[in-house]
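What follows is a single structure, written as structure tokens, with notes after it.
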Amino acid sequence: KTRLYSGMQPSADSLQIGNYIGALLNWKKLQQNHDAFFSIVDLHAITVAQDPAKLRENTRATAAQYIAAGIDPAESTLYVQSHVAAHAQLAWALNTLTGFGEASRMTQFKDKSLKQGADATTVGLFAYPVLMAADILLFQSEIVPVGEDQRQHVELTRDLAARFNSRFGDTFTVPEASIIRDTAKIYDLQNPTSKMSKSAESHAGVIWMLDEPKVTAKKIMRAVTDAEGGVVFDRENKPGVANLLTIYSVMAERSIESLEDEYAGKGYGDFKKGLAEVVTETFGAIRGRVLELLDDPAELDRILAANADRAAAVADVTLATAFDRMGFLARR
Ligand code: ATP
Ligand code: MG
């Protein structure tokens, strides 16, 4: 089976609809015929400041959301990144192969550091993409299903794999990003030209998987559209409506055209109401299952521990090979 790796940061107590559409839905399909590793990447989350008690809770909550959304921890390996020490170890080695200028060109770093200001920006945030490369390469992953925002990081991963292989001998599989073009970027409902994110300053335009249905419906009803009217897909001139149509189409498993037809001649109010129904139906069910899972944290922790053992068994083999090739003396 083809090896696959992906992950999400436990950077909030809930995932947002972009994580669901851009990543989770794709994961769920791919896990059936791939050897899949899905990580909750807490080492990545601390590249911006996290409250320790919340981070722990968010990590369990993220695991519960993976499972509730359909990731099966018996079929796929679903584990917490910090439980597998090899991530940090390989990342250090890859840091020494990464150019300073190369890392400086990463647009996510530029965006996030700009938001935080120079004083709050850490070396960890700068090195984030290198850690991500380590995550992917440790599992000899062939496929990395992510949203559009991660394309550049997967490219860097490919470059680092090829560089390591040419310098030290064939060690890593050079992975490929798997990005579903039309749905790979969901935008903020209040600011439909910027990516929806867990760490957005304002939550007004973020649809959380675990929000109460009432709250979600209200946010959708308040989503920014335009003065022109007309439920028509036009990314350039009607980014708000285009974003809502994308979300609707995925959540209802219907084509954009059939939605345009249904709402032809109707107002945005009707359209948003329809969308709110579809979203709250799916997320309502997921939310119920998440609450059940979080009711038994000991059982959840047990699943995560067993899965971390499986992940470590694979990762440790790759790490040992890489360290050997780099010339580290083996500990005997
Ligand atoms: P943060 O703001 O903390 O970076 P995030 O919402 O960007 O959080 P990540 O944990 O960074 O989420 O990314 C998890 C996965 O979700 C990645 O595969 C990423 O590409 C995908 N993703 C994140 N936001 C979106 C979005 N708006 N549209 C589509 N995919 C997304
Ligand atoms: Mg992100």
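Each residue takes its place number in the sequence, starting with 1. First listed ligand is number 1; within each ligand, the first listed atom is number 1. In what follows, every heavy atom counts, from backbone to side chain, and hydrogens, waters and symmetry copies are set aside.
Between the side chains of D72 and Q31, no donor N or O sits under 3.5 Å from an acceptor N or O. Under the 3.5 Å distance criterion, with hydrogens and angles disregarded, a donor-acceptor pair is assigned to the side chains of R325 and T171.
Taking the six-membered ring for Trp, F37 and F139 have ring centres closer than 6.0 Å.
Rounded to the nearest 0.5 angstrom, L275 CG and Y248 OH are separated by 6.5 Å.
Each of Q152, K195, M132, Q150 was compared with Q108 under the side-chain contact (heavy atoms from CB on, under 4.5 Å) criterion, and only Q150 meets it.
Within 4.0 Å of ligand 1, contacts by protein heavy atoms are made from G7, M8, Q9, S11, Q16, G18, N19, G22, A23, K112, V146, G147, D149, Q150, A184, K185, I186, K195, M196, S197, K198, S199.
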*For ring-ring contact (aromatic ring centres under 6.0 Å, His included), just list the numbers for F172 and F164, CA-CA rounded to whole Å, side-chain angles, deciding distance to a tenth of an Å, and then say yes or no.*
CA-CA 8 Å; F172 295 121; F164 190 104; 4.9 Å; yes
